[in-house]
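Order of the sequence lines fixes the chain letters, A, B, ..., with proteins taken first and strands second; residue numbering starts at 1 for each chain. Since we're looking at a predicted model, the values are computed, not measured.
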2 protein chains.
Amino acid sequence: MRIGQLAQSVGVDTQTIRFYERQGLLPPPDRQENGYRIYNEKHGERLAFIRRCRILDLSLAEIHELQRYQDDPHQSCAVVNALLDDHISHVRSQIAALQALEKQLVSLRASCNDDREVAACGVLAGISEGSMHPQQAESSA
Amino acid sequence: MRIGQLAQSVGVDTQTIRFYERQGLLPPPDRQENGYRIYNEKHGERLAFIRRCRILDLSLAEIHELQRYQDDPHQSCAVVNALLDDHISHVRSQIAALQALEKQLVSLRASCNDDREVAACGVLAGISEGSMHPQQAESSA
DNA sequence: TTAAAACTATATATCTGCTATAAGGTCAAT
DNA sequence: ATTGACCTTATAGCAGATATATAGTTTTAA
C-alpha cells in the first residue's frame with residue numbers, strides 16, 4: 001500500500017508519516033521503481049501504536065524508548081511500567097499546576113465586575129500589583 | 001538602566017526582553033550612542049506586567065490584547081473580564097482533558113506488574129490493542 | 001597600558017509535533 | 001494532450017522562549 005492509503009487507514013496526514021520516518025519512529029519502507037514508498041501490515045501496526053501513544057500524550061522520545069523495549073522482548077517489563085509511572089506523575093503535576101492556576105485566576109476574576117472603566121478594572125490592577133508566584137504548568141513531579 | 005540590569009531586576013533573560021520587543025509587547029527603548037538600549041521605570045513595570053500575565057499562562061496575543069485595553073482606559077472593562085473568563089474556561093478544559101488522560105493511564109498501568117517480560121507486558125499490550133479515543137489536552141472548552 | 005572579563009549588539013538555530021506550502025515527478029483517465 | 005489525483009523533496013511556520021555564533025564596547029584588574 002502507498003502512503004496515502006496508509007495515512008487514511010490510520011487517520012493521519014501523509015506528512016506526519018514522513019515526519020515519523022525522519023524521526024526514526026517508523027522504519028524506512030521499500031520504494032517502488034518510481035520512488036513511491038510501499039508499506040505493509042507491519043508498518044500499519046507500528047504507526048497505529050505510535051498514534052495510540054500520542055493519544056496518551058507520550059512524547060516521541062518516550063515512544064522511541066518503548067520501541068527499544070519491544071526490540072528486546074525478554075527483559076523485564078519493569079522498565080515499561082516505570083516509564084508509564086513517570087508519565088502519570090508528569091500528568092498529575094500538570095493537573096496540580098493547572099488547578100492552582102485556576103484558583104488564582106478565579107480569585108483574580110472575583111476582584112472585578114463589568115460596571116467599571118478599564119482604568120479602574122480590578123483584574124488589571126490585580127495583575128499589575130504583583131504578589132504572584134511563578135508556577136508554570138510544568139514541575140519536576 | 002541597561003538591558004542586563006532590567007533583566008536582573010525582573011528576573012528574565014536579556015534575550016527574552018529583546019524577544020518581547022520584537023513581538024511588539026515592549027516599546028523599543030531609546031539607545032545610547034553606542035547602540036545600547038536604555039530603559040526607564042515604565043519599561044520595568046510593563047515588563048513585570050508581561051511576566052505576571054505569563055505566570056497566569058496568558059498567551060502573548062492575549063497580553064497584547066490587554067495592553068490595547070490599557071491604552072483605552074475609558075472603555076468598559078467588560079472586555080478584560082471576558083478575556084479572563086475565556087482563559088479560565090480554557091484552563092478548566094485543559095484540566096478536564098488531563099484528568100481523563102490520567103484515568104486512562106492509571107487503568108492501563110493496572111493491567112501490568114513488574115514480574116513479566118516485555119513480551120507479555122500488559123501495558124504494551126493495552127496500547128497495541130487499540131480501543132482508545134483521541135483526546136488531546138486541548139478542546140474548545 | 002594593556003589585556004581579560006563582562007557586557008552589549010544582531011542574526012540565526014534549536015526545542016516539540018506536527019502542518020502547510022512550493023516546486024516538481026508519476027500515473028490513470030478523458 | 002491535458003486534467004486531476006497522487007507521489008517526491010525541501011522549506012517555512014506555529015509558541016515562547018533559549019542557545020549559539022560573531023562582533024563591538026565598557027569595565028576592571030594586573
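- Atom CG of Leu56(B) and atom P of dG16(D) are 14 Å apart (whole Å).
- Val12(B) is not listed as a side-chain neighbour of Phe19(B), based on a closest heavy-atom distance of 4.5 Å or more.
- Between its two ends, the helix from dT1(C)-dA30(D) to dT30(C)-dA1(D) turns its axis by 40°, counting five pairs per end and rounding to 10 degrees.
- Between Lys42(B) and Pro27(B) the shortest side-chain heavy-atom distance does not fall below 4.5 Å.
- At least one side-chain heavy atom of Thr16(B) sits less than 4.5 Å from a side-chain heavy atom of Arg51(B).
- A donor-acceptor pair shorter than 3.5 Å can be found between the side chains of Arg46(A) and Gln67(A).
- Side-chain nitrogen and oxygen atoms of Arg51(B) include none within less than 4.0 Å of the OP1 or OP2 phosphate oxygen of dG16(D).
- The nearest heavy atom of DNA chain C to Ile3(B) and to Thr16(A) marks one nucleotide each, and the one closer to the 5' end goes with Ile3(B).
- Rounded to whole angstrom, the span from the CG atom of Leu58(A) across to the C1' atom of dG17(C) amounts to 14 Å.
- Atom CD1 of Ile55(A) is separated from atom C1' of dG17(C) by 15 Å (rounded to the nearest Å).
- A donor-acceptor contact shorter than 3.5 Å links the side chain of Asn40(A) to the backbone of His43(A).
- If you measure from atom CD of Gln8(B) to atom P of dT8(C), you get 10 Å, rounded to the nearest angstrom.
- Atoms CD1 (Ile17(B)) and P (dG16(D)) sit 18 Å apart, rounded to a whole Å.
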Problem - Test side-chain contact (heavy atoms from CB on, under 4.5 Å) applied to Leu83(B) and Tyr69(B), step by step - result: CA-CA 11 Å; Leu83(B) 188 152; Tyr69(B) 296 150; 4.3 Å; yes
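- At least one side-chain heavy atom of Arg37(B) sits less than 4.5 Å from a side-chain heavy atom of Arg18(B).
- Applying a 4.0 Å cut-off to non-hydrogen atoms, the residues of residues 18-36 of chain B that approach DNA chain D are Phe19(B), Tyr20(B), Asn34(B), Tyr36(B), listed by residue number.
- A close approach under 4.0 Å does occur between a side-chain nitrogen or oxygen of Arg37(B) and OP1 or OP2 of dA9(C).
- Distance check, rounded to the nearest 0.5 Å: CG of Asp115(B) to SG of Cys77(A) gives 8.5 Å.
- Side chains of Asn34(A) and Gln32(A): a donor-acceptor N/O pair is present below 3.5 angstrom, by distance only.
- The CD1 atom of Ile17(A) lies 12.5 Å from the CG atom of Leu25(A); values are rounded to the nearest 0.5 Å.
- Taking atom CG on Leu60(B) and atom P on dG13(D), their separation rounds to 18 Å, with Å as the unit.
- Residue Glu41(B) qualifies as open at atom CD: its count of foreign heavy atoms under 6.0 Å is 12 or below.
- Put simply, the side chain of Phe49(B) reaches to within 4.5 Å of the side chain of Ile127(A), judged on heavy atoms.
- Each of Gln15(B) and Ile50(B) has a nearest nucleotide on DNA chain D; the 5'-most of these lies closest to Ile50(B).
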Kindly give the atom pairs (protein nitrogen or oxygen, nucleotide nitrogen or oxygen) under 3.5 Å for nucleotides 1-4 of chain D.
none

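- At whole-Å resolution of the value, CZ in Arg2(A) and P in dC27(C) are 9 Å apart.
- Distance, Leu6(B) CG to dC7(C) P: 15 Å, rounded to whole Å.
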